[in-house]
Amino acid sequence: MAMAMKGQREKIHPYKYLMWITIIGIVMMFAGLTSAYIVKSNQANWLAFNVPHIFWYSTGVIILSSITIMLSRSAFHKRNRAAYKMWLGLTILLGIIFVGMQYFGFTELWSNGITLTRNVSFSFLYVIVGLHALHVGAGVIALLFIFINAFRTQKKVYSSVSIDLMNTYWHFVDILWIYLLIFLTMAG
């Protein structure tokens with residue numbers, strides 16, 4: 001019986017397994033995009049560009065949001081519901097601010113003539129950064145569902161799976177953004 005219990009504790013939750021499979025898929029997608037970027041950058045018609053400064057500021061915002069989601073998760077595990085909701089709400093706000101800053105970065109690029117269809121190098125920039133912003137936006141939507149669920153009073157099960165999953169995903173998109181920004185700055 002003790003062996004069966006030990007084996008049960010060592011199994012990964014199916015949702016966590018699915019999360020890691022999803023993360024691996026996203027990593028492969030961005031690895032393919034950045035590899036294609038490197039290959040295409042050797043073409044004669046490639047145009048260099050500078051990453052908007054607001055993208056660097058948005059990096060600070062997403063790093064701060066990683067801290068707030070860690071604090072939210074910690075509060076959940078300590079069963080401090082008020083702190084959990086506060087930090088979770090702040091994470092959502094910072095995620096929205098990050099996506100907004102990405103939008104303003106694209107607006108700056110567009111006003112400088114760096115448009116989606118002007119050159120393949122610009123297209124890569126829009127696709128890579130846009131896909132990342134889309135993943136952050138999806139994370140914000142998932143956080144909103146968790147946030148709304150935190151206010152339900154009929155909750156009978158105190159499971160940390162959802163906040164644990166979002167903690168993992170949110171740190172992943174944070175690290176992915178830092179990689180992409182450094183990549184685009186060095187390769188751009």
Side-chain angles (χ1 to χ4, degrees), residues 1-30 33 54-107 127-181:
M1 182 69 171
M3 288 294 279
M5 292 298 287
K6 183 179 180 193
Q8 186 67 20
R9 283 192 304 258
E10 292 176 4
K11 288 183 180 179
I12 187 170
H13 191 281
Y15 292 157
K16 290 181 182 182
Y17 179 77
L18 184 60
M19 172 65 70
W20 284 109
I21 296 298
T22 302
I23 287 173
I24 290 168
I26 295 169
V27 166
M28 291 173 64
M29 178 183 64
F30 280 100
L33 286 169
I54 197 163
F55 284 178
W56 288 99
Y57 298 126
S58 70
T59 303
V61 171
I62 202 164
I63 289 171
L64 186 58
S65 74
S66 274
I67 294 168
T68 59
I69 199 161
M70 280 190 315
L71 293 169
S72 177
R73 181 177 177 262
S74 175
F76 184 91
H77 285 286
K78 292 177 183 173
R79 296 184 183 254
N80 183 343
R81 290 182 59 83
Y84 166 65
K85 290 186 253 185
M86 179 194 69
W87 290 119
L88 191 59
L90 190 53
T91 303
I92 294 167
L93 178 63
L94 291 169
I96 292 168
I97 291 170
F98 174 84
V99 172
M101 292 174 94
Q102 298 294 291
Y103 171 78
F104 288 121
F106 281 126
T107 303
V127 169
I128 290 171
V129 176
L131 278 172
H132 181 268
L134 185 67
H135 283 89
V136 173
V140 168
I141 291 168
L143 283 170
L144 282 168
F145 280 110
I146 294 170
F147 186 70
I148 291 166
N149 199 29
F151 286 92
R152 291 180 52 202
T153 56
Q154 306 155 340
K155 202 150 180 140
K156 294 179 181 164
V157 178
Y158 201 79
S159 173
S160 67
V161 172
S162 59
I163 190 64
D164 291 343
L165 290 172
M166 280 312 303
N167 185 60
T168 301
Y169 180 78
W170 204 254
H171 290 314
F172 165 69
V173 294
D174 185 352
I175 292 166
L176 179 62
W177 172 248
I178 293 168
Y179 160 73
L180 292 173
L181 185 61

Enquirer: Heavy atoms, side chains only, cut-off 4.5 Å: are Val61 and Trp177 in contact?
Expert: no

Enquirer: Looking at Tyr84 and Ala75, what are the two nearest heavy atoms and their distance?
Expert: N-CB, 3.5 Å

Enquirer: For Ile128 and Phe30, work out which heavy atoms get closest and say how close.
Expert: O-CE2, 3.5 Å

Enquirer: Please enumerate all residues that pass ring pair (Phe, Tyr, Trp, His ring centres under 6.0 Å) together with His77, with sequence neighbours excluded.
Expert: none

Enquirer: At what distance, to the nearest 0.5 angstrom, does CD1 of Ile54 lie from OG1 of Thr59?
Expert: 11.0 Å

Enquirer: Measuring from Phe76:CZ to Ser162:OG, what's the distance to the nearest 0.5 Å?
Expert: 6.0 Å

Enquirer: Where is the tightest heavy-atom contact between Asp164 and Lys16, given as atom of each residue plus distance?
Expert: OD2-NZ, 3.6 Å

Enquirer: Quick check: does any side chain N or O of Ser74 sit under 3.5 Å from a backbone N or O of Leu71, one acting as donor and the other as acceptor?
Expert: no

Enquirer: Does a side-chain heavy-atom distance below 4.5 Å link Ile163 with Leu88?
Expert: yes

Enquirer: Would you say the side chain of Val27 lies within less than 4.5 Å of the side chain of Phe172, judging by non-hydrogen atoms?
Expert: yes

Enquirer: How many angstroms lie between atom CG of Asp174 and atom CD1 of Ile178, to the nearest 0.5 angstrom?
Expert: 4.5 Å

Enquirer: Under a 4.5 Å cut-off applied to non-hydrogen side-chain atoms, are His132 and Tyr179 in contact?
Expert: no

Enquirer: Would you find a donor on one side and an acceptor on the other, under 3.5 Å apart, between the side chain of His135 and the backbone of Leu131?
Expert: yes

Enquirer: Taking side chain as C-beta onward, heavy atoms only, is Leu94 less than 4.5 Å from Ile62?
Expert: no

Enquirer: Quick one: does any side-chain atom of Ser58 pair with a main-chain N or O of Gln102 as donor and acceptor, under 3.5 Å?
Expert: no

Enquirer: Nearest 0.5 angstrom please: Thr168 OG1 to Arg73 CZ, how far?
Expert: 7.0 Å

Enquirer: Is there a donor-acceptor contact under 3.5 Å from the side chain of Thr91 to the main chain of Trp87?
Expert: yes

Enquirer: Measure the acute angle between the ring planes of Phe151 and Phe147, then classify it against the limits of 30° and 60° as parallel, tilted or perpendicular.
Expert: perpendicular

Enquirer: About how many Å separate CH2 of Trp170 and CD1 of Ile175, when rounded to the nearest 0.5 Å?
Expert: 13.5 Å

Enquirer: Once you round to the nearest 0.5 Å, how far does CD1 of Ile69 lie from CE of Met166?
Expert: 5.0 Å

